[in-house]
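Since the model is a prediction, treat every value here as computed from it, not as a measurement. Ligands are counted one by one from 1 in listed order, and the atoms in each one are counted from 1 as well.
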Amino acid sequence: MTTPTRILITGGLGQVGSELYQALCTQYGEDNILLTDVRKPENHTVALFETLDATDAPRLAELVSKHKITQIYHLAAILSARGEQDPLWAWKINMDSTLNVFEVAREKQLHKVYVPSSIAAFGPDTPKQNTPQACVMNPSTVYGISKQACERWGEYYFKRYGLDIRSLRYPGLISYKTLPGGGTTDYAVDIFYKALQQGSYECFLSPDTYLPMMYMPDAIRATVALMEAPSDNIRTRDSYNLTALSFSPAELAKAIQQHLPDFTISYKPDFRQQIADSWPASIDDSVAQAEWGWQPQYDLEAMVAEMLEHIRTKLQKTVDA
Ligand code: NAD
């Protein structure tokens with residue numbers, strides 16, 4: 001008899017977790033998904049929730065046993081911009097939590113573990129255009145260094161202990177359900193709210209800063225597809241390059257102006273410009289395409305149209321409430 005899939009998500013109330021949770025509930029049933037976070041849900045209706053600081057190894061082990069967990073999706077992390085404000089704190093949270101997840105998964109022989117990486121694992125010495133799967137990385141932010149270290153540790157646990165660890169290097173993620181948590185690509189979400197609320201936006205990156213990006217439904221589909229793929233297909237155990245879009249703030253503004261012709265954008269680059277300048281402008285994800293069939297669905301125009309529609313509805317509901 002096969003053991004039923006029972007999933008624990010760490011950091012599950014964030015930008016990725018709140019949407020991945022819904023997808024996993026659809027896939028496996030809400031009674032099999034334990035959502036956890038260091039903070040409590042505000043207005044989410046969640047079947048199974050426990051507070052968990054993922055740096056607390058005994059509590060993590062207790063929850064894995066109590067809920068008969070077979071897989072962990074480890075999303076708790078401090079992202080790039082927040083990480084630069086307190087580097088040692090970010091390093092501690094990102095590394096301690098990930099090693100706790102790997103250790104509990106090894107000890108309790110969990111079936112699979114998902115730990116996302118990021119384009120931040122690349123650095124200024126990396127080829128900027130069509131960044132290959134394997135190349136010089138040399139990240140320059142504490143977040144990027146922690147993501148690269150987690151990639152290396154993931155591959156180590158796979159090779160040494162046979163733990164089925166899978167990972168994607170997410171590009172900047174664009175979504176309307178939950179606000180982003182302090183990354184360098186957050187402008188590509190903020191801009192939609194400001195466009196609809198104020199008709200103008202002051203961008204913290206310069207107009208021609210190209211970065212790899214993805215609309216959240218593509219990122220969630222990629223995550224579920226990666227985790228569902230047969231283990232033999234997963235020949236990349238550090239982390240897969242993954243991409244859908246590459247655009248600059250000026251191009252995104254132009255795409256928004258197709259819907260809101262009076263929208264204006266101005267630029268006031270801050271410390272995040274330096275972070276963005278150290279990252280790839282576009283990504284080669286041909287290895288993910290070949291090994292488990294990855295294909296994005298959303299282009300810039302489709303993403304912008306959906307974002308405007310959903311955020312307009314969301315803002316209207318706030319006014320009506
Ligand atoms: P987020 O900041 O929106 O959410 C992170 C969640 O982790 C928050 O709900 C926070 O409360 C929680 N958290 C923080 N410290 C914790 C701790 N000690 N224990 C438990 N929970 C804790 O981040 P996200 O955008 O949802 O990112 C999820 C994962 O995806 C992260 O690993 C991140 O590095 C990766 N990623 C995200 C993006 C993006 O654009 N959002 C891009 C690349 C990679």
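- Screening residues 77-91 for side chain to side chain donor-acceptor pair (under 3.5 Å) gives Ser80-Thr184 as the qualifying pairs, with residues at least two apart or on separate chains.
- Judged by the 6.0 Å distance and 45° axis criteria, Arg106 is positioned over the aromatic ring of Tyr161.
- Contact record, Cys203 with Ile265: CB-CD1, 4.1 Å, taken as the closest heavy-atom pair.
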Show the numbers, then the answer: is there a side chain to side chain donor-acceptor pair (under 3.5 Å) between Glu50 and Thr36?
-> CA-CA 5 Å; Glu50 299 259 16; Thr36 74; over 6 Å; no

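- A ring-ring contact (aromatic ring centres under 6.0 Å, His included) with Phe102 is found for one member of Phe158, Tyr157, Trp153 and no other, namely Tyr157.
- Under 4.0 Å from any atom of ligand 1, one finds heavy atoms of residues Gly11, Leu13, Gly14, Gln15, Val16, Asp37, Val38, Arg39, Leu52, Asp53, Ala54, Leu75, Ala76, Ala77, Leu79, Ile93, Pro116, Ser117, Ser118, Tyr143, Lys147, Tyr170, Pro171, Gly172, Leu173, Gly181.
- The only option from Leu13, Thr51, Leu75 that meets the side chain to side chain contact (heavy atoms under 4.5 Å, CB included) definition with Asp37 turns out to be Leu13.
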